[in-house]
Peer 1: 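Take a look at the following structure, please.
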Amino acid sequence: VTEIADTYYAIYPAGADATYNPEDKTITMNIPSEQYAVPGSFADNTNPSVARSDGDNLYFRNIGALLAIKCPTAYASSIRLQSSDKELAISGKAEVRLEGDIPETAEIKNGSSHIDLTGLDSSSYGKTFYLIAYPGDYKGFNIIITNSSKTHRSIISSPTGLKLERNDNFLLFDGP
């Protein structure tokens with residue numbers, strides 16, 4: 001006789017590093033520290049989501065917040081988003097609790113205080129790109145734009161803090 005559970009959990013994207021711990025009801029997931037630039041969007045499999053079902057349907061909820069950056073130059077090959085507080089992780093592996101229908105980041109393990117957005121080229125100029133970050137109360141950010149030969153870089157600093165919630169969509173830099 002096989003016992004069928006009353007509650008099911010689903011994790012997207014599924015992967016070897018995504019797990020569910022039934023003892024403390026946490027899901028371990030990852031917001032990548034390296035994300036690929038997609039104009040007007042974010043890369044596939046970047047914003048993890050979880051779902052709990054007590055029946056036949058799954059309703060997925062995203063974990064991360066979206067931060068938008070408009071590329072200010074045709075010479076950018078990468079953009080690094082660096083938290084001003086290097087102790088506060090904005091990406092990496094984390095434990096997430098799904099109590100009720102809303103997921104909450106419980107603890108970030110093996111986290112990083114930055115996100116690297118790669119894959120930009122000369123056609124990226126003036127386009128908006130999205131990065132996915134963990135919700136949190138951030139002191140500020142540095143946006144570091146580097147050219148392909150890594151001989152030049154620009155740093156744009158935000159002196160004010162930003163409280164990010166799950167599913168926020170915030171334009172961090174609108175370019176020149």
Side-chain angles (χ1 to χ4, degrees), residues 11-13 15 17-18 24 26-50 60-73 76-120 124 126-147 150 152-176:
I11 302 167
Y12 177 84
D17 62 344
D24 60 4
T26 58
I27 299 162
T28 302
M29 304 187 77
N30 184 50
I31 290 182
S33 296
E34 183 174 319
Q35 300 177 19
Y36 190 77
V38 176
S41 187
F42 55 88
D44 287 343
N45 301 324
T46 304
N47 197 357
S49 59
V50 296
F60 282 91
R61 306 286 192 253
N62 290 332
I63 300 298
L66 282 78
L67 293 171
I69 296 174
K70 187 173 181 180
C71 185
T73 178
S77 63
S78 68
I79 295 175
R80 174 173 276 198
L81 179 65
Q82 176 78 49
S83 172
S84 296
D85 180 356
K86 294 190 180 189
E87 300 299 315
L88 183 60
I90 63 174
S91 63
K93 192 175 277 195
E95 288 182 352
V96 175
R97 282 201 179 86
L98 185 60
E99 297 192 25
D101 290 330
I102 306 301
E104 293 182 21
T105 305
E107 179 182 354
I108 299 175
K109 299 177 174 185
N110 301 324
S112 177
S113 63
H114 71 272
I115 297 170
D116 289 324
L117 186 63
T118 62
L120 287 90
S124 300
K127 294 180 181 170
T128 301
F129 298 91
Y130 292 86
L131 299 100
I132 306 299
Y134 281 114
D137 198 358
Y138 297 97
K139 292 180 181 176
F141 294 100
N142 290 320
I143 300 168
I144 304 163
I145 302 165
T146 306
N147 69 350
K150 299 190 184 340
H152 293 83
R153 69 182 194 163
S154 299
I155 300 175
I156 303 153
S157 296
S158 82
T160 59
L162 179 64
K163 183 172 180 148
L164 288 176
E165 301 287 336
R166 182 189 77 77
N167 271 352
D168 275 352
N169 188 343
F170 188 79
L171 179 59
L172 192 59
F173 182 69
D174 196 16

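The basis for the numbers below is simple: all heavy atoms, side chains too, and nothing from hydrogens, waters or symmetry mates. Every value quoted in this text rests on a predicted model; they were computed, and no experiment measured them.
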Peer 1: How long is the gap from NZ on Lys93 to CG on Asn30, to the nearest 0.5 Å?
Peer 2: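 Here the interatomic distance stands at 6.5 Å.
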Peer 1: In Å and rounded to the nearest 0.5 Å, what is the CD to OG distance from Gln82 to Ser113?
Peer 2: 4.0 Å
Peer 1: Step by step, would you call Met29 with Ile63 a side chain to side chain contact (heavy atoms under 4.5 Å, CB included)?
Peer 2: CA-CA 9 Å; Met29 304 187 77; Ile63 300 298; 4.0 Å; yes
Peer 1: I need the minimum non-hydrogen distance between Pro32 and Ile115, along with the two atoms involved.
Peer 2: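 Between these two residues, the closest heavy atoms are O-CG2, 4.3 Å.
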Peer 1: How about CZ on Arg61, more than 12 heavy atoms from neighbouring residues, nucleotides or ligands closer than 6.0 Å, or not?
Peer 2: yes
Peer 1: So, for Asp24 and Arg97, which heavy atoms are closest and what is the spacing to 0.1 Å?
Peer 2: O-NE, 4.0 Å
Peer 1: Ala89 and Tyr138: which non-hydrogen atoms are nearest, and at how many Å?
Peer 2: O-OH, 3.6 Å
Peer 1: Okay, side chain of Ser49, backbone of Asn62: is any donor-acceptor separation there less than 3.5 Å?
Peer 2: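 A pair under 3.5 Å: no.
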Peer 1: Rounded to the nearest 0.5 Å, how far does CG of Leu67 lie from CG of Asn169?
Peer 2: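 Going from the CG atom of Asn169 to the CG atom of Leu67 covers 8.5 Å.
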Peer 1: Taking the side chain as everything from C-beta on, heavy atoms only, tell me whether Leu162 gets closer than 4.5 Å to Leu172.
Peer 2: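 A side-chain contact exists here, since the closest heavy-atom pair is under 4.5 Å.
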Peer 1: Hey, could you give me the CG/CZ distance between Asn47 and Phe60, rounded to the nearest 0.5 Å?
Peer 2: 12.5 Å
Peer 1: At their closest point, which heavy atom of Ser91 faces which heavy atom of Ser33, and how far apart are they?
Peer 2: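 Closest approach of Ser91 to Ser33, heavy atoms only: OG-OG, 2.8 Å.
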Peer 1: Is there a side chain to side chain contact (heavy atoms under 4.5 Å, CB included) between Tyr134 and Leu88? Walk through the geometry before answering.
Peer 2: CA-CA 10 Å; Tyr134 281 114; Leu88 183 60; over 6 Å; no
Peer 1: Check for a donor-acceptor pair, side chain of Thr128 on one end and backbone N or O of Ala68 on the other, with a separation under 3.5 Å.
Peer 2: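 Checked: no pair found.
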Peer 1: Tell me the closest heavy-atom pair linking Ser83 and Ile90, and the distance in Å.
Peer 2: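 In terms of heavy atoms, the two residues are closest at CB-CG2, 4.0 Å.
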Peer 1: Quick one: closest heavy-atom pair of Thr46 and Phe42, and the distance?
Peer 2: CB-CD1, 4.1 Å
Peer 1: For Thr146, does its backbone N or O pair with a side-chain atom of Ser77 as donor and acceptor, under 3.5 Å?
Peer 2: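 Pair found, side chain donor or acceptor close to backbone of Thr146.
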Peer 1: Supply the atom-to-atom distance Ser157 OG to Ile144 CD1, rounded to the nearest 0.5 angstrom.
Peer 2: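 Atom-to-atom, Ser157:OG and Ile144:CD1 are 8.0 Å apart.
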Peer 1: So does Ala65 get a backbone contact from the side chain of Asp168, meaning a donor-acceptor N/O pair under 3.5 Å?
Peer 2: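 Judged by distance alone, no pair lies under 3.5 Å.
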Peer 1: Do Leu120 and Ile79 have side chains that get closer than 4.5 Å, going by heavy atoms?
Peer 2: yes
Peer 1: Test side chain to side chain contact (heavy atoms under 4.5 Å, CB included) on Gln35 and Ile132; report intermediate values, then the result.
Peer 2: CA-CA 8 Å; Gln35 300 177 19; Ile132 306 299; 4.0 Å; yes
Peer 1: Any side-chain heavy atom of Phe170 within less than 4.5 Å of one from Leu66?
Peer 2: no
Peer 1: Taking the side chain as everything from C-beta on, heavy atoms only, tell me whether Ile69 gets closer than 4.5 Å to Ile143.
Peer 2: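 When only atoms from C-beta onward are counted, Ile143 and Ile69 do touch, with a gap below 4.5 Å.
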Peer 1: Should Asp44 and Tyr36 be marked as a side-chain hydrogen bond (donor to acceptor under 3.5 Å, both in side chains) after you check the CA-CA gap, both sets of side-chain angles, and the distance that decides it?
Peer 2: CA-CA 9 Å; Asp44 287 343; Tyr36 190 77; over 6 Å; no
Peer 1: Show, in sequence, the C-alpha distance, side-chain angles and deciding distance for Glu34 and Thr118, and conclude whether the side chain to side chain contact (heavy atoms under 4.5 Å, CB included) test is met.
Peer 2: CA-CA 7 Å; Glu34 183 174 319; Thr118 62; 3.7 Å; yes
Peer 1: Under a 4.5 Å cut-off applied to non-hydrogen side-chain atoms, are Lys127 and Lys70 in contact?
Peer 2: no
Peer 1: Are Pro135 and Arg166 packed together at the side-chain level, in the sense that at least one heavy-atom pair is separated by less than 4.5 angstrom?
Peer 2: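 Result yes, sub-4.5 Å side-chain heavy-atom pair found.
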Peer 1: I'd like to check Ile156 versus Asn142 (side-chain heavy atoms, cut-off strictly below 4.5 Å). Are they in contact?
Peer 2: no
Peer 1: Distance from Leu81 atom CG to Phe129 atom CZ, nearest 0.5 Å?
Peer 2: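 Leu81 atom CG to Phe129 atom CZ measures 14.5 Å (nearest 0.5 Å).
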Peer 1: Could you tell me whether Lys163 and Asp137 have a side-chain N and a carboxylate O separated by less than 4.0 Å?
Peer 2: no
